[in-house]
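In the text below, chain A, chain B and the rest are named by the order of the sequence lines, each starting its count at 1.
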Number of protein chains: 2
Amino acid sequence: MHIKPDSLFAALAHPLRLRAMQLLASEHELCVCELTHALAVAQPTISRHLALLREAGLVQDRRQGLWIYYRLNTQLPGWAQDAIRVVAAGIADDEPYARDRAELATMPNRPGARCCA
Amino acid sequence: MHIKPDSLFAALAHPLRLRAMQLLASEHELCVCELTHALAVAQPTISRHLALLREAGLVQDRRQGLWIYYRLNTQLPGWAQDAIRVVAAGIADDEPYARDRAELATMPNRPGARCCA
DNA sequence: ACGATATATATGTTATATCGTATATATTGT
DNA sequence: ACAATATATACGATATAACATATATATCGT
């Protein structure tokens, strides 16, 4: 898995994409509707940004029934994963990232794939 | 020193700016003419990108006579410095970053401020 | 086959970033 | 004060990214 560093940074440079990455870093796997709820954006908006993250190689997706689950791409080079983790840990308690996690926790009827991951 | 993470990433998202940051991570202090030589770009080009890095808070500058020296901003939050270092170490031997360091080493008449830093 | 749900993509528009070139500013030596 | 050097900024043109909205695709249950 090869990724150009400036492409990695470009993918992380958008506020909404960074918020999505922070949620994925804390939750390991989320479907689009969960991200839509937690980030309070229109579905096509998050879908387009997730597609960009996928094409940049930052996330992987898998379909399960109607839902498509996204997670951080485990095949990224070590330095890229380390950078993402370092930043995630460093800003986790800042806004809006902490609030996004709280919003996610309030979501009713989350599709539960977490039990068998 | 506060910096928005997405602003940090936006600053690093440009190939030329990332190359400049890599050089600064390896050399600690460089003047504009050294960066111009090592990166083989026009002077206004690198100057404009350095201004952007400065305004984003990633680098500091100081004037010494005719020369203006740039270095990584030591007042960045820890997670930001860590992320920069992690990436720098991870890609240091890749191209074009390794070649940029080699080009810098070939530059004649480098203004020597390094002796008293 | 049909309707419902979840997600993805296409389209037209607008804002932002970048570029090449020209010019301005600052400092030093004479 | 003037010339020379190093660096910064301004300007106009072009490319790229983002947005809102509309529409398409995929899967499941009946």
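Rounded to an integer number of Å, the gap from CH2 of B/Trp67 to C1' of C/dA26 is 13 Å. Atoms NE2 (A/His14) and C1' (C/dA15) sit 12 Å apart, rounded to a whole Å. Rounded to an integer number of Å, the gap from OH of B/Tyr69 to C1' of C/dT27 is 14 Å. Here the P atom of nucleotide C/dA26 and the CD atom of B/Gln64 are 19 Å apart, to the nearest Å.
Stem list for DNA chain D (at least 3 consecutive Watson-Crick or G-U pairs, distances under 3.5 Å): C:1-30 with D:1-30.
Side-chain atoms of A/Glu29 never come within 3.5 Å of backbone atoms of A/Tyr69 as a donor-acceptor pair (strictly under, hydrogens ignored). Panel note: side chain A/Gln64, backbone A/Ile68; no donor-acceptor pair is recorded below 3.5 Å. Proximity of a side-chain donor or acceptor of B/Gln60 to a complementary backbone N or O of B/Arg54 within less than 3.5 Å is not detected. Of the possible donor and acceptor atoms, one in the side chain of B/Glu34 sits under 3.5 Å from a partner among the backbone N and O of B/Cys31.
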Pair B/Arg17-B/His49, side-chain hydrogen bond (donor to acceptor under 3.5 Å, both in side chains): steps then yes or no: CA-CA 6 Å; B/Arg17 286 197 295 268; B/His49 285 291; 3.0 Å; yes
- Task: Please report the C-alpha distance between B/Glu27 and B/Arg110 in whole Å, then the side-chain angles of each, then the deciding distance to 0.1 Å, and finally whether the salt bridge (charged side-chain N to carboxylate O under 4.0 Å, His left out) criterion is met.
- Result: CA-CA 13 Å; B/Glu27 294 279 331; B/Arg110 291 172 65 178; 3.7 Å; yes
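Protein chain A contacts DNA chain D over a range whose 5' and 3' limits, counting nucleotides with an atom under 4.0 angstrom from a non-hydrogen atom, are D/dA18 to D/dC28.
Note that CE of B/Met21 is 10.0 Å distant from CG of B/Leu50, once rounded to the nearest 0.5 Å.
Two residues are said to be in side-chain contact when any heavy atoms from C-beta on lie closer than 4.5 Å; B/Leu39 and B/Ile46 meet this criterion.
For the pair A/Leu23 and A/Leu35, the tightest heavy-atom approach, listed with the atom from each and the gap, is CD1-CD2, 3.9 Å. Contact between A/Ala25 and A/Leu72 at its shortest, heavy atoms only, is CA-CD1, 3.8 Å.
The aromatic rings of B/Phe9 and A/Phe9 lie parallel to each other, their planes meeting at an angle below 30°, with 60° marking the opposite boundary.
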Using a cutoff of under 3.5 Å, can you pull out all pairs of nitrogen or oxygen atoms linking the protein to nucleotides 21-23 of chain C, with atom names and distances?
none

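Residue B/Glu55 is the one, among B/Glu55 and A/Leu66, whose nearest nucleotide of DNA chain D lies closer to the 5' end (criterion: closest heavy atom).
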